[in-house]
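To start, the structure itself, in structure tokens.
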Amino acid sequence: MADRFFPNQMPYLVEEEEERDQGTLALDSRDSLLRLLSMPLSALFERLKRAALDLKETVVLKTWGSIRGCVRDFTLYSGTLGTAFLLLKSYQLTRNRNDLNLCSEIVKACYSASFQSRDVTFICGRAGVCALGAVAAKHLGDHELLSYYLAQFKEIKLPKDLPDELLYGRAGFLWACLFLNKFIGDETIPSNHIDVVMNDIFKSGRRLGARLSCPLMFEWYSENYWGAAHGLAGIMHVLLHLKLSPGQADEVKHTLKYMIKYRFPSGNYPSSEQDRNRDHLVHWCHGAPGIALTLVKAAEVFGDDKFLEAAVEAAEVVWNRGLLKRVGICHGISGNTYVFLSLYRLTGNKVFLYRAKAFACFLLDRAHRLISEGQMHRGDNPYSLFEGLGGMAYLFLDMFAPADARFPAYEL
């Protein structure tokens, strides 16, 4: 199991020091990671921002500069749309209009490439292309393009055999609807349309849940997954953003309490009902990190301390076993860092901010060297948002305003 992660040898807490000049820093004999951890937040965040903007340029060059419109993988997860999402994030921080223009240009190429796709979600489908295109068009002030993307989004039809999970299913389509309603305006996608899809998720979950003594349960390729990407955590997370009836809210609550009851003694979570004896994955997609983000949202929505306590316990797993030998958002250090940012946003506890800072500093200080030495995996798609350096760049940009940080395409 330990071959999946680096032992976390960082101190429990490092006090910030007064800002010093570069000459003094050069004479500092301490480990470079420890020097980063002791930097004042303002100076550290500026350094992370500079690293993020440099990484962004590399990601654009590698994912767009060589293809110029010839998009093969249009998805946000592993493809070119992830670069557009990163550019939008960069624009929101820097107000660099070039980033916004390039974001829109990339979305147009992804839109053309998505025509033959049957996938309808934000992360892996056509809904993500249209939704991101609409938001970019709004920022550009291009009302005609905004209307076009919204019209195309509303033309998307959900197949009857659609699963319920986040990456390829109904929950992923609903997330796209929520994204539009947040960044374009309430009722951009009418609530009655959202309710139809939401009710289908509940019907599906009840059918399987009745057989497994859990209010709601879902299936993906014959397994009952628990994690954020394909299972309970991701579906519950989306449902927690919707207007639920009292009965539906109870079903969500008790589904989450079922998960807490049957977690591992370590505080980690099984990847599926069928994998209850293997405590080995600490990823956003499977295990404590993605479930922790959902528990934070549940604590916020329901005001129940049990959810917050469980989230904090899951965060402890991430601190001890979350320095994964990968950089990405889905199953890497970048994604795991958002557990601490989410808890910091909810509680204001600076311990969580320090832990987020520590994980980000580990990446800043060591990721490139560990990758070059073969000790860390670059990702199957090494510059993508969810698997590679695109996700690390996104995290570094989020660290500049940690109280507002959101896991991309998951937290709203």
Side-chain angles (χ1 to χ4, degrees), residues 42 45-71 73-77 79-114 122-123 126-153 176 178-185 188 329 334 360 383-386 388-409 411-412:
S42 58
F45 291 167
E46 279 293 340
R47 184 172 292 193
L48 286 166
K49 179 182 173 183
R50 290 197 303 272
L53 295 176
D54 287 343
L55 267 176
K56 177 206 68 176
E57 295 300 325
T58 300
V59 169
V60 169
L61 180 64
K62 296 292 186 178
T63 62
W64 180 249
S66 60
I67 63 170
R68 286 292 175 184
C70 237
V71 172
D73 181 350
F74 70 84
T75 68
L76 190 91
Y77 185 94
T80 316
L81 193 67
T83 301
F85 200 73
L86 174 61
L87 285 163
L88 180 63
K89 179 69 177 178
S90 179
Y91 166 74
Q92 290 170 330
L93 179 62
T94 67
R95 294 296 157 180
N96 182 338
R97 192 80 174 181
N98 292 333
D99 284 343
L100 183 59
N101 289 330
L102 185 54
C103 169
S104 185
E105 182 184 343
I106 292 173
V107 171
K108 288 176 184 177
C110 291
Y111 175 78
S112 298
S114 71
F122 190 87
I123 295 175
R126 190 166 164 78
V129 178
C130 295
L132 184 57
V135 172
K138 181 179 180 181
H139 282 294
L140 285 166
D142 189 334
H143 301 294
E144 183 178 348
L145 186 61
L146 168 60
S147 297
Y148 179 79
Y149 278 127
L150 289 178
Q152 293 302 303
F153 185 94
L178 292 167
F179 179 81
L180 284 171
N181 283 351
K182 178 174 181 178
F183 292 105
I184 303 298
T188 298
I329 290 284
S334 299
Y383 298 97
S384 65
L385 183 66
F386 267 66
L389 293 173
M392 190 165 90
Y394 197 100
L395 169 68
F396 287 177
L397 289 171
D398 252 342
M399 287 298 300
F400 195 74
D404 299 319
R406 301 287 192 282
F407 190 107
E411 294 186 290
L412 275 164

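- Shown here for F396 and A51, the closest heavy-atom pair between the two residues is CD1-CB, 4.0 Å.
- Within the model, atoms OG1 of T83 and OH of Y383 stand 11.5 Å from one another, a figure rounded to the nearest 0.5 Å.
- Across all non-hydrogen atoms, the minimal contact from G133 to V107 is CA-CG1, 3.5 Å.
- Here the CG-CG distance, from L88 to L100, works out to 7.0 Å after rounding to the nearest 0.5 Å.
- Although no hydrogens or angles enter the test, the distance criterion places no donor-acceptor pair under 3.5 Å between the side chain of K56 and the main chain of L86.
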Yes or no on side-chain contact (heavy atoms from CB on, under 4.5 Å) for T80 and D73, after CA distance, side-chain angles and deciding distance? CA-CA 6 Å; T80 316; D73 181 350; 5.6 Å; no
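- Taking each heavy atom of S334 and M392 in turn, the nearest pair found is OG-CA, 3.3 Å.
- The minimum heavy-atom distance linking E411 with A405 is given by the pair OE1-O, 4.4 Å.
- The environment of NZ in K49 is crowded: more than 12 heavy-atom neighbours from other residues, nucleotides or ligands sit within 6.0 Å.
- Using a 4.5 Å cut-off on side-chain heavy atoms (C-beta onward), I184 and V135 make contact.
- Atom SG of residue C110 and atom CG of residue L132 lie 8.5 Å apart, to the nearest 0.5 angstrom.
- Side-chain atoms of L397 and L53, non-hydrogen and from C-beta on, do get closer than 4.5 Å to each other.
- Looking at every heavy atom in both residues, I106 comes nearest to A84 through CG2-CB, 3.9 Å.
- In this structure, SG in C103 is found 11.0 Å from NZ in K108, a value given to the nearest 0.5 Å.
- Sorted by first and then second residue, the ring-ring contact (aromatic ring centres under 6.0 Å, His included) pairs with a member in residues 90-114 read Y91-H139, Y111-F115, Y111-Y148, Y111-Y149; sequence neighbours excluded.
- With sequence neighbours left out, the side chain to side chain contact (heavy atoms under 4.5 Å, CB included) criterion links N181 to T188, I189, I194.
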Using the side-chain contact (heavy atoms from CB on, under 4.5 Å) rule, take S104 and L145 through it: C-alpha gap first, then chi angles, then the decisive distance, then the call. CA-CA 10 Å; S104 185; L145 186 61; 3.9 Å; yes
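- Side-chain contact between T58 and L389 is absent, with no heavy atoms from C-beta onward closer than 4.5 Å.
- Looking at L140 and R97, their side chains come closer than 4.5 Å, going by heavy atoms from C-beta outward.
- For the pair L178/K182, no side-chain contact is recorded, criterion being any heavy-atom separation below 4.5 Å from C-beta on.
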Under the side-chain contact (heavy atoms from CB on, under 4.5 Å) criterion, do L48 and F400 qualify, and how do the steps go? CA-CA 7 Å; L48 286 166; F400 195 74; over 6 Å; no
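- A donor-acceptor pair under 3.5 Å links the side-chain atoms of S147 to the main chain of H143, judged by distance alone.
- Summarising the geometry, atom SG belonging to C70 is positioned 9.5 Å from atom CH2 belonging to W64; distances are rounded to the nearest 0.5 Å.
- F179 and F122 have tilted rings, their planes meeting at an angle from 30° to 60° on a 0 to 90° scale.
- Between L81 atom CG and F74 atom CZ the span is 8.0 Å, to the nearest 0.5 Å.
- Side chain of K89 to backbone of Y394: no donor-acceptor contact under 3.5 angstrom is found.
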